[in-house]
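The structure under discussion appears below in the form of structure tokens.
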Amino acid sequence: MIRDLGQESFQQAHAPVYDTLQIDSMNPLYLGCNNSLTLLSAVLSPVNVKAKYRWSDKNFSSLFQVVHDMLSDENTLPKSYYQAKKILCSMGMEYLKIHVCPNDCI
């Protein structure tokens, strides 16, 4: 794909995605956050745990809401799993649900 478009065309087409990722990777989780906790790292770590332990989307959204409420009012943590997915989908971290039964009975 890159070869067909050319390097410059590819970078121009994907520039908004990279800009958003760069902003999210530098944006602190809350005002005055001293450590290296950024919006992107604060979303990636819990999503990794969700995948590892197979949490449901509803439970995970509840966790995001609780943690969001614990932090200061100026925090940038998403309030739901849906909002977190919007951040991660721009990175190409989309997923495909595969049904167990080919007849969609499960």
For the CD atom of Gln83 and the CG atom of Leu77, what is their distance to the nearest 0.5 Å?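 The CD atom of Gln83 sits 9.0 Å away from the CG atom of Leu77.
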
Which ILVMFWY residues can you reach from Val66 by hopping between side chains whose heavy atoms are under 4.5 Å apart?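 The other cluster members (ILVMFWY side chains, heavy atoms under 4.5 Å, direct or chained) are Met70.
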
Going by the rule side chain to side chain contact (heavy atoms under 4.5 Å, CB included), which residues pair with Tyr82 if we only count those two or more places apart in sequence or in a different chain?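 Tyr82 satisfies side chain to side chain contact (heavy atoms under 4.5 Å, CB included) with Ser80, Lys86 once adjacent residues are dropped.
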
I need the minimum non-hydrogen distance between [X] and [Y], along with the two atoms involved.
{"X": "Leu29", "Y": "Leu71", "value": "CD2-CD1, 3.9 Å"}
{"X": "Pro28", "Y": "Thr76", "value": "O-OG1, 3.4 Å"}
{"X": "Val43", "Y": "Ala84", "value": "CG1-CB, 3.8 Å"}

Going by ring-ring contact (aromatic ring centres under 6.0 Å, His included), name the pairs with one or both residues in residues 50-78, residues two or more places apart or in two chains.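 Residue pairs passing ring-ring contact (aromatic ring centres under 6.0 Å, His included), neighbours aside: Trp55-Phe60, Phe60-Phe64, Phe60-Tyr81.
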
Applying side-chain hydrogen bond (donor to acceptor under 3.5 Å, both in side chains), can you list everything that pairs with [X], at least two apart in sequence or on another chain?
{"X": "Ser56", "result": "Asn59"}
{"X": "Ser41", "result": "Thr38"}
{"X": "Gln65", "result": "Asp69"}

Side-chain heavy atoms nearer than 4.5 Å, only ILVMFWY residues, links allowed to pass through others: does that put Val49 and Leu44 together?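 Yes, Val49 connects to Leu44 through the hydrophobic network.
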
